[in-house]
Number of protein chains: 2
Amino acid sequence: MQENLTKEEKRKKKLDVILRNAAKAFMERGYYKTSLDDIAKMQNVTKPTLYYYIKNKEDILVKCEEITCGRINAMLDMVMAQKSSGYEMLYNFIKEYIIIITDDVARCHVRHRGQMEDEVLRKQSIQNHKDIEFRVREIIRLGISDGSLRDCNSTILAILLFDSLNGLTSWYKSDGPVKEDELIEEVLMLVTQGVRAN
Amino acid sequence: MQENLTKEEKRKKKLDVILRNAAKAFMERGYYKTSLDDIAKMQNVTKPTLYYYIKNKEDILVKCEEITCGRINAMLDMVMAQKSSGYEMLYNFIKEYIIIITDDVARCHVRHRGQMEDEVLRKQSIQNHKDIEFRVREIIRLGISDGSLRDCNSTILAILLFDSLNGLTSWYKSDGPVKEDELIEEVLMLVTQGVRAN
DNA sequence: TAATTATGTTACTATTCGGTAACAATTTAA
DNA sequence: TTAAATTGTTACCGAATAGTAACATAATTA
């Protein structure tokens, strides 16, 4: 088809289509109610063909996770490289995070992380999230020590923040009634200012 | 055994044990990886016995939902009956909500709501949550109009609030390192004050 | 062109598990 | 006591589905 793509690129693209379709189906119908046959049909191939691209069903979750965590960590690298105040870093992190997880592959990861049946994979998945959470705690601590953030329990705050951000994945649709700009604005206002009138 | 209990009370108690054990197992291993045989074994009965207390597997989720939503709505009745400021109502709601969802049956409901396979049940489940969310939006609107809460999009705020509160169910354990009081305090501070230093 | 590698298919296995029929024992009420 | 309702069991079925073996074809490369 596309003669200008190398073999490797074509393979990568097909894997991406598989992940994207699977992720969407998992979000709509749930992981266990989506069979590999269902996923195969979306690509107009048969189930065994999938096994050329993935090790097994669970590997879809793992690959979605790798992609998403890779993006988040790269974003964190960028945000933290700017050496601004903790408040500004947190602000930028939230802004970028919302953009990243507004994507089927990322949503799939958020919903299924830490739920692999294979224990090794499950532990790795939990660790991946802990690593990211640790980096966000670092930002919060920075903000507290430079005086730009209120003194608080950084662990609890980080968790609460992730909960409300990750919760977006189950209701926010980029083509829905709430616009992305407005959403980011509200989240940022809530997190930074709270709800109490001044 | 307990001669002082009526037939109905005994039945109710057994159902409660089933729900509690099932909810716990669903939270630990996941709904689809917990078989009815597993649940039956926890009560030292066999699978068909469960069917005397529940209609089918999904009915466990429905019953967990009924119990939990009943509690939340009763709590909302109380909170709203006090006719205090919107801010105070929201404050009290958050405080009580955290207490309610620190319970296996409630956690099970939060994790599985809106995921029933039967369409009628699924829609009912979604509606149940919408009703509760509506009542909280009402509190927020009250607070905005009485000036105790910052002007904001009550819909988005309500969702974000529920996301972070419901997120508690997947990490908060009443016997864990974080004390309930401290948790409530941090949540309330985050929601009301935000993270920015004054 | 020949050989090799990549990509795909059909057909099948093995297993899990929700749900049920048929039957047994126990408790409660008449 | 006897009949009826309640609570439980054993043994089974049917459907779904993850994963695989064996085989077929297309695309690359030597």
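First the proteins, then the strands, lettered A, B, ... as listed; each starts at 1.
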- Distance-only polar pair, side chains of A/Asp38 and A/Ser35, donor-acceptor under 3.5 Å: yes

- Message: For a quick test of reading the model: is some side-chain N or O of B/Lys14 closer than 4.0 Å to OP1 or OP2 of D/dT6?
- Response: no

- Between A/Asp146 and A/Ser148, does any side-chain donor sit less than 3.5 Å from a side-chain acceptor? yes

- Round to a whole Å and report the spacing from NZ of B/Lys10 to C1' of C/dT26. 11 Å

- Message: Contact list please: residues 40-56 of chain B against DNA chain D, heavy atoms, distance less than 4.0 Å, in numerical order.
- Response: B/Val45, B/Thr46, B/Pro48, B/Thr49, B/Tyr52, B/Tyr53

- Whole angstrom value for the distance that separates C1' of D/dA16 from CZ of A/Arg29: 14 Å

- Item | Side-chain H-bond candidate by donor/acceptor type, A/Asn92 with A/Glu88, under 3.5 Å | no

- Who passes salt bridge (charged side-chain N to carboxylate O under 4.0 Å, His left out) against A/Arg11, sequence neighbours left out? none

- Task: Whole angstrom is fine here: how far is it from CG in A/Leu36 over to C1' in C/dT15?
- Result: 15 Å

- Query: NZ of A/Lys57 versus C1' of D/dA16: gap in Å, rounded?
  - Reply: 11 Å

- Atom OH of B/Tyr32 to atom P of D/dA16: distance rounded to whole Å? 14 Å

- Rounded to whole Å, NZ of B/Lys33 lies from P of C/dG18 at a distance of 14 Å

- On the 0 to 90° scale, with breaks at 30° and 60°, tag the A/His112-A/Tyr31 ring pair as parallel, tilted or perpendicular. tilted

- So, the side chain of A/Ser164 versus the backbone of A/Leu161: is there a donor-acceptor pair under 3.5 Å, distance only? yes

- Message: What is the separation between atom CG on B/Asp37 and atom P on C/dT15, rounded to the nearest whole Å?
- Response: 17 Å

- Task: Would you mind reading off the distance between B/Ile18 atom CD1 and D/dT7 atom P, rounded to a whole angstrom?
- Result: 11 Å

